[in-house]
Amino acid sequence: MTNREIADILKRIGDMLDILGENRFKVIAYRRAAENIMNLGRDIREYWVSGNLEEIPGIGAAIAEKIEEMLTTGRLEFYERLQDDVPVGVVSLLEIPDVGPKTAKLLWEELGLQSVAEVEAAARSGVLRSLPGLGAKSEAKILAGIEAVHRRSDRISLGTAWPVAQDLLQALLAESSEIVEVAVAGSLRRMRSTIGDIDLLVASEAPAAVMRAFAGLARVSEVMLSGSTKTSVRLHNGLQVDLRVLDPGHWGTALQYFTGSQAHNVRLRELAQKQGLSLSEYAFKRDDGSEVTCAQEAEVYQTLGLPWIPPELREDRGEIQAALSGELPRLVESQAIRGDLHAHTDWSDGAATLADMAEAARALGYQYLVISDHTQSLGVAQGLTPDRLAEQRADIDALNARWDDFTLLQGCELEIKADGDLDFEDDVLARLDFVVASVHTSLRQDPEQITRRVLNALHNPYVDVIGHPSGRLLGQREESAVDLGTVIQAAAETGTALEVNSIPARLDLDDIHVRRATGLGVKIAINSDAHHPGGLENLSYGLATARRGWAEATDVLNTFTLDELRAWRQTRIARQSNA
DNA sequence: GCCGTTTTCGGCCCGACTGTTTTCAGTCG
């Protein structure tokens, strides 16, 4: 069983116990364990084999025993027995917004409903309103929630949400003069790869006026909810946006709170409690009722004796412990990026010329740009033959005479073919300045096969980086079956770098595997994979993903100067060729 | 069910909003 399968079962156990009305801390324990397993970045079997399951945060003797049973037998008796008490179909009712454990239990016990479809039918026929505690409004709300489920209101990508949020902030500032501070909060500020809804935060002395202005923005199609501190709207494009407006004096606690994550906040509040403080989005309260307010976010952490923690780290993945012991990473920043190692031109499937891509990279302040057009076997992308590659080299050399502060490097995005062979012979690769090798075809191979392909590329001394290693396309395609744990191990041995591809639908490697890779000394390359000049700017999303993976500048290949980059490649080729 | 710069037992975050409520439960983040 995979990490995800085990985590899914533990999470569902949490849901079942919740519906049964079990001790809520037991429920939280199962959910926390599931979350931490999803965050591992390595196969849970490794912990099991070495007898270290209980080293995973949130996993104690009881859950460790259950994991062991699942890994040994592929089943879990406890889970199967629970299904006699709560059918899995009842758990699925929790997917409906505004239906929680109590309502799910009610619908099941009173009406025998065990699927979203059955609840929908019951709601339409008007029987839900007869249940104790439910009325006509609740019935309508449940129906609306089910329609939202049907619309498959999937999470949207970071690259979609970020510009929308910036636009909304600008529009809000233009509409209202009563705004003291504005910020993006929530998972968007933490730069998660996908976003459920956009959270905006405003500090103002006139909240009602600000919220009226917000509800009146042209992009807003519907006001879903409005209270004295919070307004939720739906935009014409279907996105949900929550706006909170708070007093400027409470800005620090509010920004901290609404940035989350929820799990991070819970940890922080537990820490506060140990210090005799109660933390809310408004203030710290002491037992005697006196308050400590924070106008700046850093003051919140300072009050608890912590350094400020960057939003990208706030996922309860050990950041508070690291902050307590003074071991927070010094995350890589955009100024440290000296170049981009993966970009396409009209020589293959890009939209722009070599010169246009180069000038765009130079305008970003880069020292170098690697042109990595596709190679011959990727026909759909007009992949280059060795001959075409030689012609391109002449053009690149000619262009390089233009600048003394910038260098265009010739690379390629080398096909790792379905049988594991590479698309060029070594003598062709040796003439290039840089090589990114990627899988684009036969992504549905079984784990052994596709992992062997990537390992083969890793062991070629001329391959510098493995491009978008998992092959995922967020919301469209699951990652391939490639065993990233094995790939990362091998990269640590060969000295090959792994890419964090910055295309918003990819963000691949993801944050969890970045952390695992850098922890083993593997260099990562944060690349735009741009197919037009504007695409270079997507690199900020890859950078954020790397930061979420605790990456420091020294972990990132493209913080190197051009000389360092060349030396790195030469040294690695020499070492790997002798190995 | 997990966990420990007070604890191996007794804790485990905090508030807004909604609906069906005569004082609060449920859900959400």
Side-chain angles (χ1 to χ4, degrees), chain A residues 10 13-14 17-19 21-36 53-67 78 93-107 128-142 144-145 185-188 190 195-199 201 207 211 223-232 240 242-246 250 253-254 256-285 304-305 314 316 320-321 324-325:
Chain A
L10 293 176
I13 290 173
L17 296 176
D18 202 1
I19 290 167
E22 252 286 4
N23 177 315
R24 68 190 179 97
F25 300 106
K26 189 188 280 194
V27 172
I28 289 169
Y30 275 100
R31 291 182 178 151
R32 222 176 228 181
E35 186 61 31
N36 288 330
L53 280 172
E54 289 182 49
E55 275 181 15
I56 300 169
I59 292 181
I63 293 182
E65 197 177 311
K66 293 183 173 67
I67 292 170
F78 176 69
L93 303 187
L94 299 179
E95 290 167 20
I96 306 170
D98 299 311
V99 173
K102 297 290 190 293
T103 310
K105 188 176 189 204
L106 183 74
L107 295 172
L128 296 195
R129 68 183 70 183
S130 64
L131 294 177
L134 294 186
K137 283 192 173 180
S138 297
E139 191 175 79
K141 208 164 157 184
I142 287 172
S187 55
L188 191 50
R190 303 198 311 278
I195 308 296
D197 55 27
I198 293 177
D199 289 300
L201 200 59
M211 287 196 278
V223 177
M224 302 166 68
L225 164 167
S226 81
S228 60
T229 71
K230 172 177 171 173
T231 297
S232 287
Q240 185 181 330
D242 295 345
L243 171 73
R244 335 259 171 163
V245 185
L246 293 114
H250 298 133
T253 38
Q256 193 291 314
Y257 173 69
F258 288 114
T259 297
S261 66
Q262 191 176 352
H264 174 87
N265 287 353
V266 168
R267 291 293 186 203
L268 221 53
R269 288 166 180 215
E270 286 172 357
L271 193 60
Q273 281 204 322
K274 284 182 191 150
Q275 301 177 18
L277 296 165
S278 164
L279 171 61
S280 77
E281 56 264 51
Y282 300 108
F284 287 98
K285 269 189 210 139
L304 294 169
R314 301 182 196 172
D316 187 26
I320 291 173
Q321 195 52 45
L324 280 168
S325 56

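Treat the numbers as computed from the prediction; the structure is a model and nothing was measured.
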If the cut-off is 4.0 Å, is [X] near the phosphate of [N], judged by side-chain N/O to OP1 or OP2?
X: A:Lys230; N: B:dG29; answer: no
X: A:Ser138; N: B:dG26; answer: no
X: A:Gln262; N: B:dC13; answer: no
X: A:Lys285; N: B:dG15; answer: yes
X: A:Tyr282; N: B:dA16; answer: yes
X: A:Thr229; N: B:dC17; answer: yes
X: A:Gln273; N: B:dG11; answer: no

Pairwise [atom1] distance, [M] and [N] [rounded to whole Å]:
N: B:dT7; M: B:dC12; atom1: C1'; answer: 13 Å
N: B:dC9; M: B:dG15; atom1: C1'; answer: 30 Å
N: B:dT6; M: B:dG1; atom1: P; answer: 28 Å
N: B:dT8; M: B:dC2; atom1: C1'; answer: 12 Å
N: B:dC3; M: B:dC13; atom1: P; answer: 14 Å
N: B:dG11; M: B:dA16; atom1: C1'; answer: 26 Å
N: B:dC17; M: B:dT21; atom1: P; answer: 22 Å
N: B:dG26; M: B:dT20; atom1: C1'; answer: 11 Å

From [atom1] of [X] over to [atom2] of [N], roughly how many Å is that when rounded to an integer?
X: A:Asn36; N: B:dC3; atom1: CG; atom2: C1'; answer: 13 Å
X: A:His264; N: B:dC14; atom1: NE2; atom2: P; answer: 15 Å
X: A:His250; N: B:dG15; atom1: NE2; atom2: P; answer: 12 Å
X: A:Asp242; N: B:dG15; atom1: CG; atom2: C1'; answer: 15 Å
X: A:Arg129; N: B:dT18; atom1: CZ; atom2: P; answer: 20 Å
X: A:Ile142; N: B:dT20; atom1: CD1; atom2: C1'; answer: 13 Å
X: A:Phe284; N: B:dG15; atom1: CZ; atom2: P; answer: 13 Å
X: A:Leu134; N: B:dG26; atom1: CG; atom2: P; answer: 11 Å

Candidate nucleotides [options], ranked by approach to the side chain of [X] - the nearest:
X: A:Asn23; options: B:dC17, B:dT27, B:dG1; answer: B:dG1
X: A:Lys137; options: B:dG1, B:dT27, B:dT20; answer: B:dT20
X: A:Ile63; options: B:dC2, B:dC17, B:dC13; answer: B:dC2
X: A:Arg244; options: B:dG1, B:dT27, B:dG29; answer: B:dG29
X: A:Lys141; options: B:dG19, B:dG26, B:dC13; answer: B:dG19
X: A:Glu270; options: B:dC13, B:dG1, B:dT18; answer: B:dC13

Shortest non-hydrogen separation from A:Glu270 to A:Arg32 and the atoms involved:
OE2-NH2, 3.7 Å
Is any N or O donor-acceptor pair between the side chain of A:Tyr257 and the base of B:dG15 shorter than 3.5 Å?
no
Starting at [atom1] of [X], measure out to [atom2] of [Y] and round the result to the nearest 0.5 Å.
X: A:Gln321; Y: A:Leu271; atom1: CD; atom2: CG; answer: 9.5 Å
X: A:Lys66; Y: A:Ile13; atom1: NZ; atom2: CD1; answer: 7.0 Å
X: A:Leu201; Y: A:Asp199; atom1: CG; atom2: CG; answer: 8.5 Å

A:Ile56 or A:Pro97: which one's nearest nucleotide on DNA chain B is closer to the 5' end?
A:Ile56
Heavy-atom nearest nucleotide on DNA chain B taken for A:Asp197 and for A:Ala136; more 5' hit belongs to A:Ala136
Residues A:Asp316, A:Gln262; criterion side chain to side chain donor-acceptor pair (under 3.5 Å); working and verdict:
CA-CA 9 Å; A:Asp316 187 26; A:Gln262 191 176 352; over 6 Å; no
Donor-acceptor contact present, side-chain A:Glu139 to main-chain A:Arg129, <3.5 Å
yes
Has the side chain of A:Ser261 got a donor or acceptor atom that lies under 3.5 Å from a matching backbone atom of A:His264?
yes
Once you apply a heavy-atom cut-off of 4.0 Å, does [X] come out as touching a base, just sugar-phosphate, or nothing?
X: A:Ala263; result: nothing
X: A:Ile59; result: sugar-phosphate
X: A:Leu268; result: nothing
X: A:Ser278; result: sugar-phosphate

Under a 3.5 Å limit for both distances, which nucleotide forms a Watson-Crick or G-U wobble pair with B:dT8, could you say?
none
A:Phe78 vs A:Tyr30 aromatic rings, parallel, tilted or perpendicular, using cut-offs 30° and 60°?
parallel
